[in-house]
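Working notes, structure below.
Computed from a predicted model, the values in this text were never measured in an experiment. For the numbers below, each heavy atom of this structure counts, side chains included, while hydrogens, waters and symmetry mates do not. Each chain gets a letter, A, B and so on, in the order the sequences are listed, and its residues count up from 1.
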Amino acid sequence: MISKPRVRFAPSPTGELHVGNARTALFNWMFARHHLGEFVLRIEDTDEARSARSYQDSLLADLQWLGLDWDEGPSIGGDYGPYKQSERLDIYATHLNALIAEDLVYPCYCTAQELEDERQALILSKRMPRYMGKCRNLTPDERQARLSEGRSPSYRFKVSKETVVFDDLIRGPIKFEGEDVGDFIIVRSNGMPAYNFAVVIDDHLMNITHVIRGEDHLSNTALQIMLYRAFGFDPPLFAHHCLILGKDHAKLSKRHGSVSVGEFRRRGFLPEALINYLGLLGSSFADGREVLSRQEMVEAFSLERASKSGAVFDEEKLRWLNALYIRSSETGSLMTELAPFLREAGYPPESIDPDWLRLVIETVKNDLTTLADIGEHIGIFFDPPDDLSPEAETVLNQPKALQVVEVFDQGLAQEEGSPEEVYIRTIRYVKETLSVKGKALFMPVRAALTGRTSGPELELVFAVLGRDAARRRLKRSCEKIKDKFYKHGQEQQ
RNA sequence: GGUCCCAUCGUCUAGUGGUUAGGACGCUGGCCUCUCACGCCGGAAACCGGGGUUCAAGUCCCCGUGGGACUACCA
């Protein structure tokens, strides 16, 4: 076992937590927990234009919701802070100066337009678009001239022609040639550090031992290793996992539908289901198990089981897991999770008797795929069946159907005891009195009671409703049917 | 275009030279059952192609082909 590894998740607060990033966080978290190491959270907010405080807050909230707790980072601190890059600017400045002193970087005065022109020219001549080093060998006088024009420089790293090789923990040896990469910017003209520069410094200073991240960072790794070499730092170990893909096999993005953790939360997915599903995407667990708690995932986790090819996000399978977790949820906690969805559906839980609500949820929880489905399943207990479904009408319009309902209602009046007992005895009474059984017996009762032809077991429905409410419904449905078919039918004759 | 990565059922995956190529989601047939679900039993469904290496290749090598990522003063 690796001793005390330190890993990090370093999102930029430019939007809601994306499931792809959540999965990266999960991999890092599982790795840390499995190896009894530390999981560090760092906020990469050096893009002032796109970063927002509200996103940082939602990022932390989503991570907590998923149950991915961090050992160091925003809101809890640690020995390697600060954990927000915007608060580490002086550190980057010091490191920039160190590279300047060694002549490993140079100021670049090119404007965005000049750079764009160079790019277009290279593309036009069918060459690889990259920075050709225009400012690399400027004389002090030339630099001074540009400065006095009011240009503020960015700083570029002098890329040498050496070969960069590293051993990816998931992909094995990977090689890049220095001559394929242009001098890249490490500090922007506004003074902010560029990504590749800041990560290297932070990962080194924060003592990160394993960098586990998406495959989209594979080529950045080459640049980062060049920087590690320039600083004389030992690079960490790298592991690049595959990306999450949409149905069209392109990197999962907004146009594929729901992609943020927040969206799934709002759509009624349980954190346990999402995290379990994410752990299954592009990886697998020890003995082939697919339904695992966080703790079991941690125990069964291994980087070696991470697959190399992209994984298509399959919402169907997520839904299956979600239904599974809802079904096995303890009803009490399910009530808490359900609260916002009940409110949304027009059944504010605070205005419902909690004991009765618990009973209701108990009987419908097997039918939910997402929490947001609650509305369509709970209606039968709240709304009298004024709106008989066409199927229910058909059932009640069969010969003897109304008679079944009426005899059932009469039987109800005579029975005493618990709702279950009353129900069972009454059903038996109808069965014997009218000599009906099976569908002919139950369906009319169900249709009249709920207005539907499908739903939870009748015994449960009856128990939830109680005798009085049940009787009112039976009468009402009978009237509806008589009204619609019987009376009108006669008038038309 | 350049660089890099990847390639087992529709999808997620198991498989580390010898397997009837396994599991899961989805689809589907049946059972259970008042219905819908749940559950149980069964079915269809895959090694991208071509060369090697080997007694033996899904597994190793090469070449194709296909897909993806990156190619920003975003991270």
Side-chain angles (χ1 to χ4, degrees), chain A residues 10-14 21 44-47 49-51 85 108 110-112 115-116 119 122-123 125-131 152-156 168 170-172 174-177 180-182 184-196 198-199 213-222 240 242-243 245 247-251 277 280-285 287-291 305 307-321 323-324 327 364 366-369 377 391 395 427 437-447 450 452-459:
Chain A
S12 61
T14 55
N21 285 130
E44 310 219 325
D45 56 350
T46 55
D47 185 348
R50 297 199 307 149
S51 295
Q85 290 190 326
C108 170
C110 294
T111 62
L115 258 18
E116 183 55 24
R119 242 178 75 82
L122 283 168
I123 290 172
S125 61
K126 298 208 161 182
R127 293 205 286 156
M128 175 156 59
R130 64 177 173 111
Y131 184 67
S152 48
S154 59
Y155 285 87
R156 286 181 185 272
D168 191 280
I170 294 174
R171 287 151 203 283
I174 293 174
K175 192 172 86 171
F176 290 93
E177 297 300 338
D180 293 329
V181 348
F184 57 94
I185 288 178
I186 58 170
V187 172
R188 298 181 277 182
S189 54
N190 65 4
M192 292 300 264
Y195 167 72
N196 284 310
V199 254
R213 70 216 323 187
E215 186 189 353
D216 47 348
H217 284 290
L218 212 44
S219 41
N220 281 327
T221 308
H240 291 91
C242 64
L243 267 20
L245 277 24
K247 287 233 178 297
D248 60 356
H249 288 237
K251 192 159 100 170
Y277 179 65
L280 247 28
L281 252 194
S283 191
S284 61
F285 291 99
D287 61 30
R289 268 183 309 166
E290 300 211 301
V291 182
R305 302 190 71 88
S307 77
K308 296 186 258 205
S309 48
V312 174
F313 192 91
D314 179 12
E315 194 169 303
E316 277 307 317
K317 188 152 184 176
L318 205 211
R319 289 171 64 79
W320 166 72
L321 271 170
L324 211 63
R327 254 180 271 134
V364 300
N366 278 3
D367 297 322
L368 303 180
T369 296
H377 288 96
E391 294 80 10
V395 165
I427 281 288
K437 59 179 180 179
K439 246 187 180 96
L441 168 62
F442 291 95
M443 281 314 271
V445 176
R446 170 181 295 284
T450 70
R452 301 284 125 88
T453 52
S454 70
E457 281 181 58
L458 261 186
E459 184 180 338

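A gap of 11 Å separates the C1' atoms of B/G58 and B/A7, to the nearest Å. Going from the P atom of B/C40 to that of B/G23 covers 14 Å, rounded to whole Å. Comparing B/G26 with B/A44, their C1' atoms sit 13 Å apart, to the nearest whole Å. Taking atom C1' in both B/G17 and B/C9, one finds a spacing of 23 Å when rounded to whole Å. Across B/U8 and B/G15, the matching C1' atoms stand 9 Å from one another, rounded to whole Å. One C1' atom belongs to B/U19, the other to B/A56, and the distance between them is 13 Å to the nearest Å. Comparing B/A14 with B/U53, their P atoms are spaced 30 Å from each other, to the whole Å. Separation of the P atoms belonging to B/C27 and B/C60 is 35 Å when rounded to the nearest angstrom.
Each of A/Lys308 and A/Arg327 has a nearest nucleotide on RNA chain B; the 5'-most of these lies closest to A/Lys308.
Inter-residue side-chain proximity for A/Val181 and A/Arg130 is flagged as unmet; no heavy-atom pair is nearer than 4.5 Å. Between A/Phe442 and A/Ile427 there is a side-chain heavy-atom pair separated by less than 4.5 Å. You'll find the side chain of A/Lys308 stays beyond 4.5 Å of the side chain of A/Cys242, heavy atoms only. Between A/Arg213 and A/Thr221, some side-chain heavy-atom pair lies under the 4.5 Å cut-off. By the 4.5 Å heavy-atom criterion applied to side chains, A/Asn220 and A/Val199 are not counted as neighbours. The side-chain heavy atoms of A/Tyr131 and A/Ile185, taken from C-beta on, include no pair separated by under 4.5 Å.
Atom NZ in A/Lys317 sits about 9 Å away from atom P in B/U13, given to the nearest Å. If you measure from atom CH2 of A/Trp320 to atom P of B/G26, you get 8 Å, rounded to the nearest angstrom. One interatomic measurement links the two molecules: OH of A/Tyr131 to C1' of B/C73, which rounds to 12 Å at whole-angstrom precision. Atom P of nucleotide B/G1 and atom CZ of A/Arg130 are separated by 18 Å, given to the nearest angstrom. The nearest whole Å value for the distance from the CG atom in A/Asp248 to the P atom in B/G10 is 18 Å. We find that CZ of A/Phe184 is positioned 14 Å from C1' of B/C70, with the value rounded to whole Å. With rounding to whole Å, A/Arg305 atom CZ is found 17 Å from B/C12 atom P. Between the CZ atom of A/Arg319 and the P atom of B/C27 there is a distance of 11 Å, given to the nearest Å.
A/Arg188 has no side-chain polar atom (N or O) that falls below the 4.0 Å cut-off from OP1 or OP2 of B/A72. For A/Ser309 and B/G68, the shortest distance from a side-chain N or O to OP1 or OP2 is not below 4.0 Å.
Heavy atoms of A/Lys251 sit under 4.0 angstrom from primed sugar atoms or phosphate atoms, though from no base atom. The residue A/His217 sits close to a base: some heavy atom pair falls under 4.0 Å. Residue contacts for A/Ser12: at a heavy-atom cut-off of 4.0 Å it reaches the sugar-phosphate backbone alone, with no base atom in range. Using a 4.0 Å heavy-atom cutoff across all strands shown, A/Ile185 reaches at least one base atom of the nucleic acid. Residue contacts for A/Arg119: at a heavy-atom cut-off of 4.0 Å it reaches the sugar-phosphate backbone alone, with no base atom in range. Using a 4.0 Å heavy-atom distance criterion, A/Leu458 is classed as a base contact. Residue A/Ser454 is in base contact, counting any heavy-atom pair closer than 4.0 Å across all strands shown. If you check every strand for non-hydrogen atoms under 4.0 Å, A/Cys108 touches nothing. When heavy atoms are screened at a 4.0 angstrom cut-off, A/Lys247 is found touching no nucleic acid atom at all. Residue-level contact check: A/Phe176 touches the backbone only, with heavy atoms under 4.0 Å from sugar-phosphate atoms and none from bases. Among the atoms of the strands shown, base atoms are found under 4.0 Å from some heavy atom of A/Arg446. Residue A/Glu316 is classed as a sugar-phosphate contact, given heavy-atom separations below 4.0 Å to backbone atoms only. Using a 4.0 Å heavy-atom distance criterion, A/Thr453 is classed as a base contact. No contact: A/Thr14 has no heavy atom under 4.0 Å from any strand.
In the set B/A14, B/U11, B/C12, B/C12 carries the atom at the smallest distance from any side-chain atom of A/Ala311. The side chain of A/Met443 approaches B/C34 more closely than any other nucleotide in the set B/C34, B/C73, B/G15. Checking B/U11, B/A69, B/C25 against every side-chain atom of A/His249, the shortest atom distance belongs to B/U11.
Under 3.5 Å, the side chain of A/Asn220 and the base of B/A75 form at least one donor-acceptor pair of N or O atoms. At a cut-off of 3.5 angstrom, counting only N and O atoms as typed in the model, there is no donor on one side facing an acceptor on the other between the side-chain of A/Ser219 and the base of B/C4.
Of all nucleotides present, only B/U71 satisfies the Watson-Crick or G-U wobble test against B/G1, with each distance under 3.5 Å. Using the Watson-Crick or G-U wobble rule with both distances under 3.5 Å, B/A24 pairs with B/U11. For B/C38, there is no paired nucleotide, since no Watson-Crick or G-U wobble pair has both relevant distances below 3.5 Å. With a cut-off of 3.5 Å on both pairing distances, the Watson-Crick or G-U wobble partner of B/G18 is B/C55. As the counterpart of B/G64, B/C48 is assigned, both hydrogen-bonding distances of the Watson-Crick or G-U wobble pattern falling under 3.5 Å.
A/Tyr277 contributes no side-chain N or O that, together with a main-chain N or O of A/Trp320, makes up a donor-acceptor pair within less than 3.5 Å. The closest donor-acceptor contact from the side chain of A/Arg171 to the backbone of A/His240 lies under 3.5 Å.
Here A/Phe442 packs flat against the base of B/C34; its ring centre is closer than 5.5 angstrom to the base's six-membered ring, tilted by less than 30 degrees.
Between the side chains of A/Arg305 and A/Ser283, no donor-acceptor pair of N or O atoms lies under 3.5 Å.
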